[in-house]
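Heads up: the structure comes next, in structure tokens.
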Amino acid sequence: MARWCFRHRIVVLVLWLGALFGLGAGGTVAGTDYSNVFSLPDTDSKTAYDLMAKAFPESAGDTDTIVWKTGEGSVRDAAVRSRIEPALKDITALKGVGEVTGPYGKAPGQISRDGTIAFAQVTFTEQANEVPKELVQDVVDRAQAAERSGLQVELGGQAITRVQEPPQGLSEAVGIVAAAVVLFLAFGSLFAMVLPIVVAIMGVGTGLMSTALLSHVTNVPEVAPLLGSLIGLGVGIDYALFIVTRHRRGIQRGLDPEESAVQSLNTSGRAVLFAGGTVCIALAGMLVMNMRFLDGVVVATSLTVVLSVLAAITLLPALLGMLGPRVLSRRQRRRLAADGPESPEASGLAARWSAFVQKQPRTVGAAAVVVMLVLAIPVLSLRLGATDQGNHKESTTTRQAYDLLAEGFGPGFNGPLQVVVPGGADATDLAARIRTTEGVAQVAPLPPANGVSVVQVVPTTSPQSVETDELIDRLRDDVIPRAGVEAHVGGVTAVFKDFAAVTGDRLPYFVGTIIALGFLLLLIAFRSLVVPLTAALMNLIAAAASFGVLVAVFQWGWGAEALGLGKEGPITAFLPVIMLSLLFGLSMDYQVFLVSRMHEEWVHTKDNARAVRVGLAETSRVINCAALIMVCVFSAFVLSGDMEGAMAGIGLAAAVALDAFILRTALVPAAMHLLGRANWWLPTWLERRLPHLAVEPREAAVPAQAAPPAVERPGGPTVVHGFLRAPDGDPLAGATVTLISRGGRQLDRVSSLADGSYIVSVPEPGAYVLVVTDRQLAPLARHITVGEQPLVYDVELPDDVDATP
């Protein structure tokens with residue numbers, strides 16, 4: 001397939017552009033139909049919500065709040081009323097506004113006791129996600145037009161939040177620019193830099209447009225496209241990076257562009273397919289939670305990952321075909337022409353670090369463990385809950401409105417509870433009992449409707465405080481049973497408390513599921529028990545450390561305001577599920593790319609120390625580069641204006657950085673050096689029963705009929721030998737002869753003798769590259785095919801560079 005895409009590159013590009021623009025046109029016509037469905041069956045707050053929806057169907061529209069405060073005097077003063085009442089009247093007249101309830105009419109309790117703060121409620125005819133932003137902006141403009149010196153006007157609510165968000169796509173654009181900078185520094189080539197970005201944009205673009213169309217046939221939450229673009233950009237750029245890096249290395253080692261592209265897709269491309277599958281499996285683990293809104297998240301993120309993988313294995317080879325050798329920088333092309341193919345042996349900082357880890361595995365491993373454990377300490381304080389407008393930045397009008405309501409009516413006013421009594425039962429005694437309960441500031445029984453009575457309860461503490469959670473438990477476990485009536489505690493605060501409880505109860509099953517699936521995949525791929533066990537342990541360590549960082553920043557508030565993240569609060573209840581899915585998938589990616597190279601070397605040499613050293617030396621640089629790109633992309637989501645998006649971005653950025661720079665670069669190789677040959681142990685009985693799944697391909701073998709005639713003997717190691725000649729025909733002594741596999745791995749390297757003779761070992765019949773270099777002459781690279789008999793191959797070096805046949 002890679003060869004076909006390389007040769008038919010125009011066709012492939014047209015197909016991808018057609019898919020992108022076709023889905024875009026379909027999405028423009030159909031629009032989106034995202035729906036935030038939070039279904040928590042068998043919870044008290046869900047029962048209360050269903051009863052409320054049945055009793056008060058007319059309150060289905062979103063209700064936002066206009067709050068004002070006077071610096072002097074009272075909000076009842078004529079000077080204040082003369083500015084506020086006309087503004088409220090103008091807002092009422094707007095199309096799409098159902099009702100405006102102000103404090104100057106019959107509505108009680110909308111003016112604070114000291115008379116300095118008041119609020120009005122604006123009820124739209126639609127839910128917040130469906131209210132046009134132009135209408136919301138009109139409401140904001142007309143309300144804030146009433147401001148003057150000594151009169152502050154602020155607005156809060158879900159619809160208001162939408163108009164103060166940054167422009168859509170800002171975080172993605174910043175992430176792409178940052179990734180482009182990293183790619184240019186890594187490759188030194190503008191063309192090579194563009195390739196991963198184009199592939200990622202194609203994958204994410206088609207994924208998001210497909211998700212928008214799917215929102216019409218299934219419930220997809222509004223946060224799903226944000227998470228889909230977050231994970232899609234990360235894996236799309238990374239997968240293309242791995243393949244492009246392998247392709248460039250192949251060209252630098254003497255392969256022609258087409259053969260290098262094919263070999264890159266046949267090696268790194270296989271790993272990309274496997275890694276993408278592990279990410280999708282980790283994402284599908286969210287289905288174990290049995291929460292309806294997570295189903296849409298799984299669909300959006302998995303679809304984007306699948307399309308990103310498809311772009312990497314089809315669109316990328318087509319783009320490589322268009323660039324040819326220009327995928328290298330000018331300097332690299334000049335060096336290749338002047339000095340010939342590079343040595344297959346890894347060199348530089350990566351090779352030196354790999355050698356150091358091999359010499360000091362205990363020191364490196366212990367240091368890595370200490371760092372991860374220290375960072376994981378805050379996770380012991382993890383508290384799940386919900387963010388609200390009190391966590392917004394101080395400069396936002398929603399945060400100002402939230403703080404004014406807390407100042408004028410108490411901190412619990414922003415998160416009232418509803419105690420719902422079904423069946424038309426008398427709630428008078430229940431309301432009296434609730435009024436005397438510890439932690440209750442106000443109680444307001446509402447008139448019964450459709451056989452349902454509601455008691456509105458305002459706590460003395462804020463919605464996010466532990467004391468409010470304790471009040472909900474007190475009402476459910478003590479006050480309501482003592483009253484002898486059936487009642488259910490609902491409201492947004494109670495819903496998120498129950499959501500956090502359900503998440504905490506089901507989280508162990510979810511973690512167990514994705515660890516078991518990841519273990520099984522790695523067991524089949526690498527034929528080892530220790531490798532998947534190590535990967536599972538490392539994933540748990542990475543998760544603990546990344547959540548420790550998350551708690552320190554968002555729950556403890558360390559640096560939150562400086563980063564523009566708003567006020568500290570609990571960690572959003574559904575975030576651990578989504579983060580763990582993405583984290584386990586991405587961690588498995590790095591494990592696959594690292595261990596697959598080690599496994600390839602182990603299969604050929606059966607030398608664990610060499611396998612670990614070579615695997616780390618050849619993959620650590622590209623893994624660290626990929627991780628740095630992911631950190632840039634994820635961190636940019638702080639600019640999304642969405643608190644959950646910012647939490648996911650910071651958490652995943654920390655997780656990827658720790659996983660790549662500490663675990664995969666230090667702890668994993670150190671542990672594998674210490675474990676020795678046990679890394680690759682698998683019981684014989686299990687080996688026979690496991691299916692075969694090859695992440696790395698076998699070296700290409702020559703068909704039997706293509707081998708030269710020979711006496712029958714079993715296939716196995718053989719040799720290539722012959723004589724090297726200078727252009728004048730004299731024997732060439734001291735030249736370097738290197739045998740390279742078609743996958744780019746060095747197999748043998750020797751120097752020619754005084755008579756120009758050489759002999760290199762070949763592990764098995766197949767196709768290889770023979771590279772000859774000499775200081776005085778131009779280098780030469782030849783493709784050779786070795787059968788079961790030794791191959792005689794004489795070489796005469798040219799005066800100038802010979803084109804590879």
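All values reported here derive from a predicted model rather than from experimental measurement.
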Handout entry: Salt-bridge present (R142, D138; N to O < 4.0 Å)
Key =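 Judged by the 4.0 Å cut-off on N to carboxylate O distance, R142 and D138 do not form a salt bridge.
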Looking at side-chain heavy atoms only, is the closest gap between [X] and [Y] below 4.5 Å?
| X | Y | answer |
| --- | --- | --- |
| L583 | N539 | no |
| D478 | T437 | no |
| T461 | E470 | no |

Handout entry: Candidate pair T116 and T70, rule side chain to side chain donor-acceptor pair (under 3.5 Å), full reasoning
Key = CA-CA 5 Å; T116 61; T70 59; 5.4 Å; no
Handout entry: Qualifying residue, where the test is side chain to side chain contact (heavy atoms under 4.5 Å, CB included) with V97 and the options are D64, T123, T125, L135
Key =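 Only one of D64, T123, T125, L135 forms a side chain to side chain contact (heavy atoms under 4.5 Å, CB included) with V97, namely L135.
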Distance check, rounded to the nearest 0.5 Å: [X] atom [atom1] versus [Y] atom [atom2]?
| X | Y | atom1 | atom2 | value |
| --- | --- | --- | --- | --- |
| R482 | R433 | CZ | CZ | 7.5 Å |
| I117 | I111 | CD1 | CD1 | 11.5 Å |
| L373 | I541 | CG | CD1 | 7.0 Å |
| K69 | E407 | NZ | CD | 3.5 Å |

Exercise for the section: Evaluate the criterion side chain to side chain donor-acceptor pair (under 3.5 Å) for residue pair T47 and H488; output intermediate values, then yes/no. Expected result: CA-CA 7 Å; T47 304; H488 307 277; 4.7 Å; no
Handout entry: ring-ring contact (aromatic ring centres under 6.0 Å, His included) partner of F119, the single match among F413, Y104, Y402
Key =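 Exactly one pass, corresponding to F413.
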